[in-house]
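Protein chains get the first letters and strands the later ones, always in sequence-line order, with residue 1 at the start of each. The figures that follow rest on heavy atoms only: side chains count, while hydrogens, waters and symmetry mates do not.
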Amino acid sequence: ETGVTQTPRHLVMGMTNKKSLKCEQHLGHNAMYWYKQSAKKPLELMFVYSLEERVENNSVPSRFSPECPNSSHLFLHLHTLQPEDSALYLCASSQVPGQGYSPLHFGNGTRLTVT
Amino acid sequence: ILNVEQSPQSLHVQEGDSTNFTCSFPSSNFYALHWYRWETAKSPEALFVMTLNGDEKKKGRISATLNTKEGYSYLYIKGSQPEDSATYLCAWAGNMLTFGGGTRLMVKP
């Protein structure tokens, strides 16, 4: 299997639930990212990890908690979400972060619905 | 506010037409400009990463130009095909990678 794999593809959760999104990259990249796309909005960067260290936290509410146990895996733990958190969550990886010289490789995303 | 703007938001063309779209970005603190193609039900796919003023990149029928001094990039598609139907995203690498809202292209056979 190659590229960036995200699971699950679809997730419906209540506001009191706890769930996790998983991302795995098989490209040997050093950086991993979480992006959020809400309806009719551009992709918004949530978190960046470089060599398993978090280097960017773009003012994301604490109900979203990332975890990067190694350079190939990235999780997004979700708890007490709000309906407005319903969106497409995309994971990406790249060779190096920093000044954006490396293209991002994206997964297919998780479509999250909060009821 | 550092905005990346793309125009038009959507575009319908006939098969065989050539087309182009625009990405506008801040001209200060520039490191790179990315273009991605995002087909429905798939993941965004990188087309180009451009770093130098005056850069021109080409991939098959798709090409892009870059003007960092005035803060814009054009993406051109020559002889559009139905399989070119997708949303085309640009992203400006300043302090972090900031995406535009995309141009949705629909090519009618």
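If you measure heavy-atom distances from A:Gln37 to chain B, the contacts under 4.5 Å come from the side chain alone. Neither the backbone nor the side chain of B:Ala91 comes within less than 4.5 Å of any heavy atom in chain A. Contact annotation for B:Leu33: neither backbone nor side-chain heavy atoms come within less than 4.5 Å of a heavy atom of chain A. Proximity to chain A (any heavy atom under 4.5 Å) is shown, for B:Phe30, by neither the backbone nor the side chain. Neither the backbone nor the side chain of A:Arg111 comes within contact range of chain B; no heavy atom of the residue lies under 4.5 Å from a heavy atom of that chain.
B:Tyr76 and B:Leu11 are not part of a single hydrophobic cluster, where members link through side-chain heavy atoms under 4.5 Å apart. B:Tyr72 and B:Tyr88 sit in two unconnected hydrophobic clusters of ILVMFWY residues. Membership requires side-chain heavy atoms under 4.5 Å apart, directly or through other members. No continuous path of ILVMFWY side-chain contacts below 4.5 Å connects B:Tyr74 to B:Trp92, so the two sit in separate hydrophobic clusters. With hydrophobic clusters built from ILVMFWY side chains whose heavy atoms lie under 4.5 angstrom apart, A:Leu11 shares a cluster with A:Leu74. In this structure, A:Phe75 is not a member of the same hydrophobic cluster as A:Leu21, with clusters built from ILVMFWY side-chain heavy atoms closer than 4.5 Å.
Rounded to the nearest 0.5 Å, atoms OH (A:Tyr35) and CZ (B:Phe99) are 4.5 Å apart. The OH atom of A:Tyr101 lies 10.0 Å from the NE2 atom of B:His34; values are rounded to the nearest 0.5 Å.
By the 6.0 Å contact criterion, CD on B:Gln81 is enclosed, its count of non-hydrogen atoms from other residues, nucleotides or ligands being greater than 12. The environment of CE in B:Met106 is crowded: more than 12 heavy-atom neighbours from other residues, nucleotides or ligands sit within 6.0 Å.
Counting all heavy atoms, side chain and backbone alike, A:Gly100 lies closest to B:Ala93 at CA-CB, 3.9 Å. When all heavy atoms of A:Pro42 and B:Gly100 are compared, the pair lying nearest together is CB-O, 3.6 Å. When all heavy atoms of A:Gly107 and B:Pro44 are compared, the closest pair comes out as O-CD, 4.3 Å. The two residues B:Val49 and A:Pro103 come nearest to each other via the heavy atoms CG2-CB, 3.8 Å.
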Residues A:Phe106, B:Trp38; criterion side-chain contact (heavy atoms from CB on, under 4.5 Å); working and verdict: CA-CA 10 Å; A:Phe106 286 91; B:Trp38 194 358; over 6 Å; no

